[in-house]
Amino acid sequence: MRLSEEQSGRRLRMIKYVALALLIVIGIRQFLYTSVTVSGQSMEPTISHDERIIVTKFQSVQRFDIVIFYAPQLNDRFIKRVIGLPGDEVEMKDDQLYINGQLFEEPYVATLKAKRHRGERLTENFKITVPENAYFVLGDNRKNSRDSRQMGTIDQKYVIGKAVLRIYPFDAIGVLE
């Protein structure tokens, strides 16, 4: 049994549409957006273990954005908050964040600061100048985070994207801040 030219043409068109749709999906995932499942507690309480987030690959990174990056020395991906931009002087003194000498509030660590024991610090004191083309990143859960304090600054070329939206669990869907 032979297919008529009309049926053959319809199948060919369908194959073309499916191929085009696949190319569009692959292009969006490769160049614009991707989803990531978070592993670990370093960003709690902002983002928890096993939550799924959407990462945009085309927005510029600003101070306090949450980013996904690749750490070549550990051959792994991480999610952290950008604290210092290229050229910034970042200082943590008695759990107070100073950037270029200006005091900054950190509302994303307020609940963890409130749970500290008297005299306990959430973040040890340090002072660093961020090199050009790099970021200084910290996890929100400072006592349980491997970040720029141990790994050093993150080269901009290793930033995969900016975390913008939580999509799972469903009862916590929303924009990340």
Side-chain angles (χ1 to χ4, degrees), residues 18-88 90 92 97 99 104-115 122-124 126 128 130-177:
V18 168
L20 180 62
L22 283 172
L23 285 174
I24 290 171
V25 167
I26 290 168
I28 288 172
R29 186 164 166 81
Q30 184 68 29
F31 300 108
L32 299 177
Y33 297 97
T34 192
S35 66
V36 173
T37 301
V38 175
S39 177
Q41 297 85 25
S42 72
M43 285 301 293
E44 288 182 351
T46 308
I47 303 171
S48 298
H49 180 70
D50 279 342
E51 289 187 343
R52 285 191 69 83
I53 58 173
I54 296 293
V55 175
T56 178
K57 297 180 176 186
F58 63 90
Q59 290 184 337
S60 63
V61 175
Q62 305 295 316
R63 183 176 289 117
F64 304 121
D65 284 346
I66 299 171
V67 296
I68 307 294
F69 63 92
Y70 175 71
Q73 68 273 31
L74 300 170
N75 194 28
D76 205 357
R77 295 184 309 170
F78 291 85
I79 181 169
K80 305 294 176 199
R81 188 176 300 273
V82 174
I83 302 297
L85 300 173
D88 281 349
V90 178
M92 187 65 68
L97 174 64
I99 302 172
F104 280 83
E105 293 297 319
E106 295 185 281
Y108 42 85
V109 295
T111 56
L112 294 174
K113 280 186 176 183
K115 293 178 182 178
L122 187 62
T123 312
E124 71 281 355
F126 64 83
I128 184 172
V130 183
E132 290 302 313
N133 301 314
Y135 298 116
F136 184 85
V137 297
L138 293 174
D140 289 357
N141 187 358
R142 304 281 166 78
K143 290 198 165 282
N144 189 15
S145 178
R146 178 182 245 175
D147 48 42
S148 286
R149 295 171 294 172
Q150 298 85 25
M151 294 188 288
T153 57
I154 306 307
D155 193 303
Q156 290 174 342
K157 70 182 177 188
Y158 292 118
V159 173
I160 296 166
K162 179 175 154 179
V164 292
L165 183 69
R166 180 184 356 257
I167 58 172
Y168 182 83
F170 299 122
D171 63 343
I173 290 175
V175 175
L176 293 169
E177 295 181 35

Engineer: State which residues pass side-chain contact (heavy atoms from CB on, under 4.5 Å) with E44; sequence neighbours excluded, sorted by chain then number.
Structural biologist: Q41, S48, N141
Engineer: Search all heavy atoms of I53 against all heavy atoms of A163 and return the closest pair with its distance.
Structural biologist: CD1-CB, 3.7 Å
Engineer: Measure the OG-CD1 distance between S42 and I79 for me, rounded to the nearest 0.5 Å.
Structural biologist: 7.5 Å
Engineer: Measuring from atom CD of Q156 to atom CZ of F69, what distance do you get when rounded to the nearest 0.5 angstrom?
Structural biologist: 13.5 Å
Engineer: We want to know whether K80 and S145 form a side-chain donor-acceptor pair, criterion being a heavy-atom distance below 3.5 angstrom.
Structural biologist: yes
Engineer: Would you call M43 and V38 a side-chain contact if the rule is heavy atoms closer than 4.5 Å?
Structural biologist: no
Engineer: Would you name the heavy atoms of A71 and M151 that are closest together and state the gap between them?
Structural biologist: CB-SD, 4.1 Å
Engineer: Assess whether atom CZ of R63 is packed by more than 12 heavy atoms of other residues, nucleotides or ligands within 6.0 Å.
Structural biologist: yes
Engineer: Do side-chain atoms of H49 reach the backbone of G40 as a donor and acceptor pair under 3.5 angstrom?
Structural biologist: yes
Engineer: Got a second to check how far L138's CG is from E106's CD, nearest 0.5 Å?
Structural biologist: 7.5 Å
Engineer: Just wondering, are more than 12 heavy atoms of other shown residues or ligands nearer than 6.0 Å to CD in E105?
Structural biologist: no
Engineer: Using the ring centroid of each side chain, check whether F104 and F64 are separated by less than 6.0 Å.
Structural biologist: yes
Engineer: Which value, rounded to the nearest 0.5 Å, describes the distance between I68 atom CD1 and K162 atom NZ?
Structural biologist: 12.5 Å
Engineer: How many angstroms lie between atom NZ of K57 and atom OG1 of T34, to the nearest 0.5 angstrom?
Structural biologist: 5.0 Å
Engineer: Which atom pair, heavy atoms only, marks the closest approach of T111 to P45?
Structural biologist: OG1-CG, 3.4 Å
Engineer: Quick one: does V61's side chain get under 4.5 Å of Y135's, heavy atoms only?
Structural biologist: yes
Engineer: Please walk me through it: do R142 and L112 pass side chain to side chain contact (heavy atoms under 4.5 Å, CB included)?
Structural biologist: CA-CA 9 Å; R142 304 281 166 78; L112 294 174; over 6 Å; no
Engineer: Are the side chains of I83 and M92 in contact, using a 4.5 Å heavy-atom criterion?
Structural biologist: no
Engineer: Using the six-membered ring of F126, assess whether NZ or CZ of R149 lies under 6.0 Å from its centre and within 45 degrees of the ring axis.
Structural biologist: no
Engineer: If you look only at distance, which donor and acceptor atoms sit under 3.5 Å apart when one is on a side chain in residues 167-177 and the other is two or more places apart or in another chain?
Structural biologist:
none

Engineer: Which label fits Y158 and Y70: parallel for a plane angle under 30°, tilted from 30 to 60°, or perpendicular past 60°?
Structural biologist: tilted
Engineer: Can you spot which of V159, I154, V137 makes a side-chain contact (heavy atoms from CB on, under 4.5 Å) with V82?
Structural biologist: V137
Engineer: Measure the spacing between OG1 of T46 and CZ of R166 and express it to the nearest 0.5 Å.
Structural biologist: 8.0 Å
Engineer: Ignoring hydrogens and angles, tell me if any N or O in the side chain of D88 forms a donor-acceptor pair with the backbone of V90 under 3.5 Å.
Structural biologist: no
Engineer: Any donor and acceptor pair, going by atom type alone, linking the side chain of D147 with main-chain N or O of G139 inside 3.5 Å?
Structural biologist: yes
Engineer: Should L74 and R146 count as side-chain neighbours, where that means a heavy-atom distance under 4.5 Å?
Structural biologist: yes
Engineer: What pair of heavy atoms forms the shortest contact from V109 to D140, and how long is it?
Structural biologist: CG1-O, 3.2 Å
Engineer: Considering non-hydrogen atoms only, spot the tightest contact between Q62 and D65 and give its length.
Structural biologist: N-OD2, 2.7 Å
Engineer: Taking the side chain as everything from C-beta on, heavy atoms only, tell me whether I128 gets closer than 4.5 Å to T153.
Structural biologist: yes
